[in-house]
Amino acid sequence: MKKIFISCLLALMPLLASAVKVQIDGIWYNLDVDKRTAEVTRSSSGSAAYDECFDYVGNVVIPETVQYEGQTIDVLGIGEEAFFKCKALTSVTFPNSLTYIERYAFNDCVSLNGVTIPEKLRKIGDCAFSHCSSLTSIVIPKNVENIGPCAFEYTGLTSVVLDARKNNYMGQLVFANCPNLTSVSIGENITYLGHQMLAGCTNLKSVEIPSNIDFKAGDGSCGDFLFQNCISLTSVTLPDNMAIVPGGMFSGCTALTSIDIPESVTEIETSAFEKSGLTSITIPKNVTRLWPFFLRDCKNITSIVIPDNVNMLGGNELDGCTALESVTIGLGVSIIPSYMFANCTSLKTITIPDNIEAIYPSAFVGCIRLESIKIGSGVRSIGDAVFENCTNLTDVYNCAAQVITHFFNYNDPFRGFYPEEATLYVQDSLYFDYKNADKWKEFGTIKTLSREILSYTNKLVYMVDSVEYKSYEVDYKTSLVPEEAPVKEGHTFSGWDGLPETMPWHDVTVYGSFTPNKYTVTWQVDGEVVKSEQVTYGTTIPVPETPVKEGHTFSGWDTIPETMPAKDLTLTGVCIPNKYTIAYMLDGSLLQTDTIT
C-alpha cells in the first residue's frame with residue numbers, strides 16, 4: 001500500500017510542479033509552465049462568493065504574454081471568478097491572444113464600463129458579465145462559439161451586436177433583464193438564439209430576425225420565450241423561412257398589438273403570444289398545429305379565424321381572451337379541447353362546424369355572456385361542465401345526427417349551467433329521443449330545428465391569403481353564387497374552396513389564395529440570346545455573369561428593374577470592340593503609331 005501511494009505521489013509531482021499561481025505586475029495568474037500558458041485568476045485572499053474584491057481597481061491592462069523564470073508565457077484566458085465583485089474596476093483591456101472567459105469572471109463588477117472582446121475569443125462562460133450595471137455596449141466577435149447562460153444578464157447594455165461566425169451553444173438568459181437595451185443586431189452567421197435570450201428587456205422596441213436563424217419544428221429550444229415580458233416591444237420582423245413560432249416567444253409583450261406571421265409557419269407553440277397586447281392575429285394557411293395557451297389572456301383580441309389546415313389543438317388556446325367576439329373554426333379540426341374558450345367573457349354566439357366530433361370538458365367555462373351555440377352534425381360526445389358558469393346561455397341549436405349520449409370524464413355536461421332555463425333545438429327525427437335522454441331532457445324547452453332554422457341568417461366570409469376579403473349575412477338555404485374572383489397584379493387566383501351550393505344553418509368561410517406568376521427574362525448581347533430564365537413576380541432579378549468576348553468590352557445591361565414586373569422582359573447589352581495601338585520601331589526608335597479597332 002505504501003509503495004502504491006509513493007508511486008502515485010511521484011506521478012503527480014510533475015503536474016504539481018507545472019501549475020503555479022503567481023502575481024506579475026499586479027495581476028494574479030495561474031500558470032501552466034509546461035504548456036507555457038496562463039489564465040488570469042483571483043488572489044488567494046477572501047471568498048469570491050461573499051467578499052468584495054479589492055485586487056483590481058480602475059483600468060486593468062492584461063498583457064498577451066508574461067515572463068516567468070526566463071520563459072515567455074502566453075495569456076489565453078480569464079479564470080473563474082477572476083474579477084468577481086471587483087466593484088472599483090472600470091475597464092479592462094484584453095490581449096489579442098485571449099480565447100476564453102470563464103464563468104463569473106466579471107460578475108457584479110458594477111463600475112465596469114469599457115470592454116472590447118478580442119477577435120480570437122471562443123468562449124464566454126456562465127454569468128461572466130452578469131450584474132455589470134455600467135456596461136453599456138458589447139460586440140460578440142466572429143470566433144465566439146460558446147456563450148454561457150446569463151452571460152450578460154442584468155447589465156446596463158443599450159446595444160448588442162452578435163456577429164459570431166458560428167455559435168455551437170448559447171445558454172438561456174444571455175442578455176435577459178437588461179432594462180436599457182434598445183438595439184440588437186443579429187449577424188448573418190448566427191443560427192441559434194438561446195432560451196429567454198432577451199427576456200425582460202423592458203425598453204427593447206423593435207428587432208429584425210434574419211433568415212439564418214433556424215426555427216424548426218421539434219427543436220424545443222431555439223427562440224423559446226425569446227422576448228418574454230419585453231413590455232415595450234412593438235415591432236418584430238420574422239424571417240420568411242420560419243417553420244414555427246417558438247413557445248412563449250412573445251409572452252407578456254403587452255405593447256405588441258400586431259405581427260406578421262410568415263406563410264412558412266406550420267406550428268404555433270405553447271404560450272407563443274400569451275398575455276401579449278395583440279388586437280388581431282392572422283394565422284397562416286399552412287399552420288397545422290396550435291399548441292396550448294398560444295393566445296391565453298390576450299385581452300384585446302376581438303376575432304380569430306382558425307384555418308382549414310389546422311388539425312390539432314392543445315387546449316386553453318383562447319382562455320381568458322376577454323374581448324373575443326367572433327370565432328371561425330376551420331374544417332380540419334375534429335375536437336374542441338378543454339378550456340379552449342374558457343373565460344371569453346365577450347363571446348355571445350359561436351358555431352361548432354360539422355367536422356367537430358367532440359367537445360371536451362370545460363370548453364366554454366366562464367363564458368358569462370354566451371347566449372347561443374350551434375352544434376354541428378358531426379358532434380357525438382361532449383365533456384363534463386362544458387357550459388359551466390355560462391349564465392346567459394338560453395339557446396342550444398343541436399344539429400347532431402344522433403343523440404349525444406357519451407360524456408367524457410363525468411356524466412354531467414351541464415354542471416354549473418341551468419338547462420331548465422334554456423331552449424334546446426334538435427333534429428326533427430330525434431325530438432322524442434332528446435325528450436327522454438338523460439341530462440338533455442332537463443332543458444326547459446325542447447323544439448325541432450326545422451321550425452326555427454328557416455329564419456336563420458348566418459355569416460358567409462370570403463378569405464384570401466388568410467385575410468378577410470368580403471363578408472355577407474345570408475339566409476338559411478339561400479343558393480350561393482361564387483364571389484367574382486379578385487385580381488392582383490402579377491398573381492393567379494386559385495379559385496374559391498369550400499363554398500356550398502346553399503347556405504347551411506351555420507356560418508361559412510370560403511378560402512382562396514394568390515400564387516405569384518413567373519415571367520421570362522431574356523438576356524441578349526449583340527442580338528444573340530445568352531440566357532433565358534423564369535423569374536417570380538416581385539422578386540429580385542438575378543443578373544448573369546458579365547459576358548466575355550475577345551477583343552471587346554461589354555457596355556453593360558439595359559436598366560434592370562429592382563424587382564420582376566408582371567410581364568416578360570428582354571434586356572440587352574453590346575460588346576464594343578476595343579482599340580489597340582500598333583507601334584513601329586526601327587533600331588529602338590519609334591517611327592509611328594496607329595490605333596486600330
Side-chain angles (χ1 to χ4, degrees), residues 211 237-243 245 258-268 280-290 302-311 326-333 351 353-355 457-504 506-522 532-542 560-570:
S211 59
T237 302
L238 299 176
D240 289 339
N241 60 345
M242 190 176 191
V245 179
S258 65
I259 191 166
D260 291 329
I261 303 175
E263 289 295 325
S264 55
V265 169
T266 60
E267 295 185 18
I268 301 178
S280 63
I281 186 170
T282 299
I283 301 172
K285 62 184 178 181
N286 293 317
V287 170
T288 60
R289 185 171 186 178
L290 299 174
T302 59
S303 65
I304 188 169
V305 175
I306 299 174
D308 286 347
N309 281 337
V310 173
N311 56 41
S326 172
V327 178
T328 301
I329 301 171
L331 301 178
V333 178
T351 296
D354 295 341
N355 45 287
T457 297
N458 288 288
K459 194 172 184 180
L460 173 62
V461 180
Y462 287 87
M463 303 287 292
V464 177
D465 290 333
S466 301
V467 177
E468 184 174 314
Y469 174 63
K470 288 186 178 181
S471 65
Y472 304 95
E473 296 292 331
V474 182
D475 291 338
Y476 175 63
K477 287 192 174 181
T478 300
S479 295
L480 298 178
V481 178
E483 182 73 21
E484 185 176 342
V487 177
K488 185 177 181 181
E489 184 182 15
H491 291 72
T492 298
F493 185 62
S494 64
W496 298 113
D497 182 34
L499 182 69
E501 292 184 2
T502 60
M503 190 67 187
H506 54 74
D507 295 339
V508 172
T509 303
V510 181
Y511 296 91
S513 61
F514 282 110
T515 302
N517 298 331
K518 290 187 176 182
Y519 299 93
T520 301
V521 180
T522 302
S532 182
E533 62 182 328
Q534 295 274 301
V535 179
T536 301
Y537 171 79
T539 62
T540 302
I541 300 172
I560 302 171
E562 290 186 6
T563 59
M564 189 67 196
K567 63 179 181 178
D568 294 338
L569 285 180
T570 298

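Because only heavy atoms are used, hydrogens play no part in the values below, and waters and symmetry mates are left out as well, while side chains stay in. In this text, all values refer to a predicted model and were calculated from it rather than measured experimentally. Sequence positions, counted from 1, serve as the residue numbers for this chain.
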Within this structure, what is the CE-CG distance for the pair Met463 and Asp308, rounded to the nearest 0.5 Å? 10.0 Å
May I ask you to decide if Gly332's main-chain N or O and Asn311's side chain share a donor-acceptor pair within less than 3.5 Å? no
Just so I know, are the side chains of Pro516 and Met564 near enough to count as touching, which here means a heavy-atom distance under 4.5 Å? no
Result for ring pair (Phe, Tyr, Trp, His ring centres under 6.0 Å) between Tyr462 and one of Trp496, Tyr469, Tyr511 points to Trp496
Applying side-chain contact (heavy atoms from CB on, under 4.5 Å), run through Asp568 and Thr522 and close with a yes or a no. CA-CA 8 Å; Asp568 294 338; Thr522 302; over 6 Å; no
Within-4.5 Å side-chain heavy-atom neighbours: Leu569 and Val535: no
Heavy-atom nearest pair, Lys285 first then Pro307, reads CA-CB, 4.2 Å
Nearest atoms (heavy-atom pairs only) where Met242 meets Ser264: O-OG, 2.6 Å
Is the backbone N or O of Met503 less than 3.5 Å from a side-chain atom of Asn458, with the two atoms forming a donor-acceptor pair by type? no
Distance col, row Asp260:CG vs Ile281:CD1, nearest 0.5 angstrom, shows 10.5 Å
Considering only distance and modelled atom types, tabulate donor-acceptor pairs under 3.5 Å from the side chains of residues 480-489, sequence neighbours left out.
unit_1, atom_1, unit_2, atom_2, d
Glu483, OE1, Tyr472, OH, 2.8
Glu483, OE2, Lys470, NZ, 2.8
Glu483, OE2, Tyr472, OH, 3.3

Test salt bridge (Lys or Arg N to Asp or Glu O under 4.0 Å) applied to Asp507 - qualifying residues, sequence neighbours left out: none
More than 12 heavy atoms of other residues, nucleotides or ligands under 6.0 Å from CD of Glu562: yes or no? no
Euclidean distance, Ile261 CD1 relative to Ile268 CD1, rounded to 0.5 Å: 4.0 Å
At their closest point, which heavy atom of Pro500 faces which heavy atom of Val508, and how far apart are they? CD-CG1, 3.8 Å
Closest non-hydrogen atom pair, Tyr519 against Lys567: CB-O, 3.5 Å
Any chance you could measure Phe493, atom CZ, to Asp465, atom CG, to the nearest 0.5 Å? 8.5 Å
Given 3.5 Å as the limit, does a donor-acceptor pair link the side chain of Ser494 with the main chain of Ser513, or not? yes
Thr520 versus Ser532, closest heavy-atom pair with distance: CG2-OG, 3.4 Å
How many angstroms lie between atom CD1 of Ile306 and atom CG of Leu331, to the nearest 0.5 angstrom? 11.5 Å
Gap between atom NZ of Lys459 and atom OG of Ser326 - 0.5 Å precision: 5.0 Å
Locate the shortest heavy-atom distance separating Ser211 from Pro239; write the atom from each residue and the value. CA-CB, 3.5 Å
Return the set of residues passing salt bridge (Lys or Arg N to Asp or Glu O under 4.0 Å) with Lys518 (not counting sequence neighbours), or none when no residue passes. none
